[in-house]
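Let me give you the structure first, and then I'll get to my questions.
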Amino acid sequence: MSRAQVVSHGTLHCFPAGLRDESDRLVNAEVSAVVYDGRRLILASDKPVPGHGRSPVFAVDIDERGIPDDSSLTYFTADAIVRATKYEDFALTADGQYILATTGFDRIDDTSHDLNAYNHLLIWPLGEPQRVQVVDPDPRDGVEGSLELRAKLDAAIGTPYYKIEGLAAIPGEQGDGLLMFGVREQGNAHDDFEYVCRIVGAHYRITAEGNLVFLDELRSLYAFEPGVHPGVNHVCGLSSLEYDPYNHRLYLLTSFETEEEGMERIGGYLWMISLEDLAAGHEPDLVCDEQGETLVFEHKAEGLAVLDETRLFVAYDNDRHLGLGSIDERDERHACEAPFTLLAMRE
């Protein structure tokens with residue numbers, strides 16, 4: 001049985017309080033992606049953060065406890081990073097030398113390039129976001145967006161509609177590793193789909209120019225059904241993938257957003273699996289709390305970062321839900337705040 005101890009909770013200020021968009025609507029922090037680069041946490045909101053010098057992607061230092069210091073917040077403002085829309089997950093390459101970022105790939109316009117911003121896989125060298133590049137763009141017209149990758153995802157997933165919410169790179173049998181995309185939703189359309197926990201991917205290589213190329217076809221790699229586990233009481237879909245290089249395993253986050261007796265419920269679960277069991281198609285372990293009960297996040301767990309051999313940082317994207325619950329003694333967060341939890345694995 002895999003157990004985790006909640007070390008601390010908190011909130012992170014992602015932009016100035018009271019920030020409003022061009023339509024004078026209050027901007028809401030919706031952190032959906034996080035990765036630790038060995039020095040800083042890099043986070044992303046799946047909604048734009050307006051204003052000169054701002055971006056939906058930003059970094060903060062952490063102290064020795066793993067608590068983020070929002071006074072150190074720095075936005076990543078390279079054109080390609082600002083242009084991409086609806087970030088869903090980050091990953092380190094298997095060698096830890098590059099950052100990868102994916103958007104949701106959940107919408108495309110077949111007759112124009114209007115929605116290309118939702119279809120991006122980005123890469124940049126560790127600590128150098130200004131050197132960002134778009135992975136697998138359409139070479140025919142030079143329009144920004146990972147449109148060739150979109151076609152490969154279409155073929156691998158096999159449904160007209162899907163949503164990518166996970167990204168991880170693990171050691172592989174070819175090239176520099178195996179890149180995995182986590183699928184959360186798939187079906188006929190954005191209003192006609194099922195929640196899934198599925199991984200598709202392919203081997204990759206980093207070029208001399210610092211971009212990523214795929215070495216084989218994207219294909220189905222893994223899938224599991226959270227609902228068959230007796231500790232899971234909600235229909236949920238995959239919300240993040242994270243490779244743990246210290247322990248050679250993969251973490252999977254699943255989250256749910258349901259309605260019970262007229263009340264909305266959000267939350268999530270944490271799972272882990274060794275790379276050997278992943279390759280063999282075995283079921284992942286559902287992580288429990290210190291008492292051996294299923295660890296159920298009271299917020300919608302969307303981002304996961306491995307800090308070291310035992311500690312994990314969990315970021316929540318609660319959409320417009322402002323309640324803090326046990327995160328803070330306050331009843332509600334400010335719209336500019338993102339809640340988080342620090343965990344320590346106890347096995």
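Side chains are part of it too, since the values below use all heavy atoms of this structure and drop only hydrogens, waters and symmetry mates.
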Exercise. Please name all residues satisfying side-chain contact (heavy atoms from CB on, under 4.5 Å) with D109, sequence neighbours left out, ordered by chain then number.
Key: T111, S112, D114, L115
Quiz item: So do H120 and Y87 actually touch side chain to side chain, heavy atoms under 4.5 Å?
Solution: no
Exercise. Sequence neighbours left out, what pairs pass ring pair (Phe, Tyr, Trp, His ring centres under 6.0 Å) with at least one residue falling in residues 152-190?
Key: Y161-F193
Practice problem: Evaluate the salt bridge (Lys or Arg N to Asp or Glu O under 4.0 Å) criterion for residues E148 and R150: first the C-alpha distance (whole Å), next the side-chain angles of each, then the deciding distance (0.1 Å), finally the verdict. | Solution: CA-CA 5 Å; E148 287 293 297; R150 166 115 199 162; over 6 Å; no
Practice problem: Check step by step if salt bridge (Lys or Arg N to Asp or Glu O under 4.0 Å) holds for D289 and R3. | Solution: CA-CA 5 Å; D289 62 20; R3 301 192 184 198; over 6 Å; no
Quiz prompt | L238 and V196, any side-chain heavy atoms less than 4.5 Å apart | solution = no
Quiz item: Do M272 and M345 come within less than 4.5 Å of each other through their side chains, counting heavy atoms only?
Solution: yes
Practice problem: Go through the side-chain N and O atoms of N28 and E30 and say whether any donor and acceptor fall under 3.5 Å apart. | Solution: yes
Exercise. Indicate, with yes or no, if L278 and L286 share a hydrophobic cluster defined by side-chain heavy-atom contacts under 4.5 Å among Ile, Leu, Val, Met, Phe, Trp and Tyr.
Key: yes
Self-check item: Residues forming a ring pair (Phe, Tyr, Trp, His ring centres under 6.0 Å) with F313, sequence neighbours excluded
Solution: F340
Determine all donor-acceptor pairs shorter than 3.5 Å in which one atom belongs to a side chain in residues 165-176; sequence neighbours excluded.
from	atom 1	to	atom 2	distance (Å)
E165	OE2	K163	NZ	3.2
D176	OD2	I206	N	2.7

Practice problem: Hey, could you give me each pair passing ring pair (Phe, Tyr, Trp, His ring centres under 6.0 Å) that has a residue in residues 8-42? Not counting sequence neighbours. | Solution: none
Self-check item: Distance (rounded to the nearest 0.5 Å) between I164 CD1 and D89 CG
Solution: 10.5 Å
Quiz item: Can R65 and S8 be counted as having a side-chain donor-acceptor contact under 3.5 angstrom?
Solution: no
Quiz item: If you count the non-hydrogen atoms of other residues, nucleotides and ligands that lie under 6.0 Å from CD in E128, is the total more than 12?
Solution: yes
Quiz prompt | Counterpart residues, ring pair (Phe, Tyr, Trp, His ring centres under 6.0 Å), relative to H299 (two or more places apart) | solution = Y316
Exercise. Grab the two heavy atoms, one from R205 and one from L215, that are nearest each other, plus how far apart they are.
Key: CB-CD2, 4.0 Å
Quiz item: Should L153 and V200 count as side-chain neighbours, where that means a heavy-atom distance under 4.5 Å?
Solution: yes
Self-check item: Minimum-distance pair of heavy atoms, taken over all atoms of L122 and I81
Solution: CD1-CA, 4.0 Å
Exercise. Could you please spell out the steps behind the ring pair (Phe, Tyr, Trp, His ring centres under 6.0 Å) verdict for Y269 and F256?
Key: CA-CA 9 Å; Y269 304 95; F256 58 86; 5.7 Å; yes
